[in-house]
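Worth knowing before you read on, the calculation uses all heavy atoms, side chains too, and leaves out hydrogens, waters and symmetry mates. Because the structure is predicted, anything quoted here is derived from the model rather than measured.
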Amino acid sequence: MAEILPIKAWRYNERFSANIEEYTSPLFDVVSSKQRQALYANPYNSIHLSVPLGDSPAQRAKILLEEWKQSKVIQQDKLPGIYVYYQYFKFPGQEEESVRKGFIAHIRAYDWEEGVVLRHENTISKAVNDRTELLKATQFQSSPTHGLYEDPLHLLEPYMDAAIEDPIYDLEDYQGVREVLAVIQDVTLIKKFVEVIGNKKIILADGHHRYEGAIALKKEMEKANPLHSGKEGYNYHMMYFTNALSKNLRILPTHRLFREIALSEEEITNRLQNWFIVRKLNEVDEIMELILQKQWAFGLVFPENAYKISLIPEKIKEFDHHVPEVIKTVDLMVLHYFFIDKVLGIPMSEQRFSDHIEYERNLHRCLQKVESGNASFAVITKDVSMKQVLGVCKSGYTMPQKSTYFYPKTLSGLLFASIEESEFKFPYEAFTP
């Protein structure tokens, strides 16, 4: 099952700690262009390592990383540790504060075929290539991917609760989320984490492209190393682990935007009627309320008009892909098969490469892009349930790309993990059973 190790982390020098929120950065696809500009304006913000700019971004990040190490902008912790990471948040109308509890560690970069790390959605090839190139150049990870494990007994929670009482950082992020980071460096306690996760499979919740990039680099490095032992740094990947059976996991929807589709609004609505019930709406604001809790229902928004579209229930029998029922009945599979494939004419096999489809997690920004003409139309979706995510992963199949948005997102820059051999080494055997 899953082998994890503590991280000998790199972190910002203590002189940055008082204002650490100024140096952290969100994942690139959840902030507006205006927010990104503000992040890039800070020469020490972690975005320069996680999403570097320029003609040769990976090489630029490599040079900057060496500068930061030499000038002690970042320094490596002397001892390896398990980094406990709690995120406190509220949704509008929510009275009690939620907290997502987890920890950050290294995990072996298992190939998908090994069945230890399970994916639930497809990736976009260009994004994987970019992540691989950056990791190869820097040998450095600036943000953890997000993995889920199933533990009904919550065995690790008491150790995490105790550690979080003595935090390294306690800050409010760009989402209004309180982010708290602590560390466990006691060898005995670390072994408990290693042992508990050692009996689990890991479901990849977020970061499919970065994880796939780690797999690609591991294969390349292994092939080039005649003395490969499996203990080298390139075999590992930084991940944030949370319990899938926690009550405070939240999954938000990711909406679909379309551009340069060679069909008019009238042609699309006419074609829809072969598979969907189509209802014209008076107000765009009605959409989320009307599709919520409704199976196979979506909002369709054009610049002038909006519709609720619902799959005709009997039509599900026409889903002729050879996939299990647990996959066929997921809303986003229905959307991608019956609407994007059948109505728009973009085959399922080509959708992950298509330049006609974009993804937007913020509903307001999504509608604004349609209204301003930056997109031809949008499809408004609902969230996927945790039960469905687990079912998909265990089936061995995947959902379409950008199917889930686990909230809140993890931050980049709270800590960094190196896979460069001289920086990775520590008493490996002390933490393994």
Side-chain angles (χ1 to χ4, degrees), residues 9-13 16 20-74 76 109 122-146 173-174 206-221 224 233-234 236-240 352-355 357-361 401-402 409-421 423-424:
W10 286 81
R11 294 189 294 113
Y12 278 99
N13 190 300
F16 295 96
I20 190 64
E21 65 277 3
E22 295 180 12
Y23 309 104
T24 61
S25 58
L27 296 178
F28 198 71
D29 56 354
V30 296
V31 290
S32 67
S33 56
K34 187 174 182 180
Q35 287 173 305
R36 285 196 291 268
Q37 288 173 8
L39 295 170
Y40 282 117
N42 183 337
Y44 296 117
N45 190 280
S46 59
I47 198 169
H48 295 289
L49 297 181
S50 59
V51 193
L53 298 176
D55 294 333
S56 301
Q59 290 304 312
R60 184 172 181 173
K62 179 181 179 180
I63 293 168
L64 181 65
L65 175 59
E66 289 306 314
E67 290 176 359
W68 283 12
K69 288 177 180 178
Q70 292 298 321
S71 59
K72 297 190 178 348
V73 171
I74 57 174
Q76 191 170 27
N122 291 326
T123 54
I124 300 167
S125 298
K126 183 182 184 302
V128 173
N129 294 338
D130 290 346
R131 297 294 96 187
T132 306
E133 184 180 354
L134 180 61
L135 183 59
K136 182 178 180 180
T138 62
Q139 304 281 293
F140 211 67
Q141 302 165 95
S142 57
S143 58
T145 54
H146 184 188
D173 75 2
Y174 70 103
D206 194 19
H208 285 68
H209 298 95
R210 281 170 286 149
Y211 185 79
E212 203 162 303
I215 295 172
L217 180 65
K218 180 198 71 173
K219 288 180 177 179
E220 182 180 335
M221 299 287 283
Y234 59 73
Y236 293 91
H237 171 76
M238 180 167 64
M239 186 174 284
Y240 170 52
R352 61 187 291 221
F353 309 105
S354 177
D355 293 330
I357 310 171
E358 293 184 4
Y359 306 88
E360 177 55 68
R361 288 158 173 163
Q401 57 278 10
K402 303 291 184 183
K409 291 293 184 179
T410 59
L411 278 184
S412 300
L414 290 175
L415 72 159
F416 308 93
S418 176
I419 58 170
E420 200 279 316
E421 203 57 35
E423 298 172 350
F424 182 85

Review point. N45: what forms a side chain to side chain donor-acceptor pair (under 3.5 Å) with it, not counting sequence neighbours?
Key: none

Exercise for review: Assign the ring pair Y44 / W68 to parallel, tilted or perpendicular, where the plane angle (0 to 90°) is split at 30° and 60°.
Suggested key: tilted

Review point. Can you list the steps and then say if I419 with L217 is a side chain to side chain contact (heavy atoms under 4.5 Å, CB included)?
Key: CA-CA 11 Å; I419 58 170; L217 180 65; 3.8 Å; yes

Exercise for review: List in chain and number order the residues that pass salt bridge (charged side-chain N to carboxylate O under 4.0 Å, His left out) with K72, two or more places apart in sequence or in another chain; answer none if no residue qualifies.
Suggested key: none

Exercise for review: List for me each residue that meets side-chain contact (heavy atoms from CB on, under 4.5 Å) alongside K69, sequence neighbours excluded, and say none if there are none.
Suggested key: W10, L65, E66, I74, F140, E423

Check your understanding: With sequence neighbours excluded, what pairs up with Y211 under the ring pair (Phe, Tyr, Trp, His ring centres under 6.0 Å) test?
Key -> W112, H237

Point to revise | Side chains of P144 and M239 in contact at under 4.5 Å (non-hydrogen atoms) | key: no

Revision key, fill the gap. Across all chains, not counting sequence neighbours, the salt bridge (charged side-chain N to carboxylate O under 4.0 Å, His left out) partners of R60 are none

Practice item. Just jot down the side-chain contact (heavy atoms from CB on, under 4.5 Å) partners of S56, sequence neighbours excluded, or say none. Key: Q59

Review point. So do R361 and K409 actually touch side chain to side chain, heavy atoms under 4.5 Å?
Key: yes

Practice item. Please identify each residue that fulfils side-chain contact (heavy atoms from CB on, under 4.5 Å) with E133, with sequence neighbours left out. Key: A58

Check your understanding: Please walk me through it: do L64 and L49 pass side chain to side chain contact (heavy atoms under 4.5 Å, CB included)?
Key -> CA-CA 8 Å; L64 181 65; L49 297 181; 4.2 Å; yes

Study note, to complete from the structure: The side-chain contact (heavy atoms from CB on, under 4.5 Å) partners of E21 (sequence neighbours excluded) come to N19, L171

Check your understanding: Under a 4.0 Å N-O cut-off, is there an ion pair linking R131 with E212?
Key -> no

Review point. Side chain to side chain donor-acceptor pair (under 3.5 Å) with Y234: which residues, sequence neighbours excluded?
Key: N225, H228

Study note, to complete from the structure: Residue set satisfying side chain to side chain donor-acceptor pair (under 3.5 Å) with S25, at least two apart, ordered chain then number -> S46

**Study point:** Test side chain to side chain donor-acceptor pair (under 3.5 Å) applied to S142 - qualifying residues, sequence neighbours left out
**Key:** none

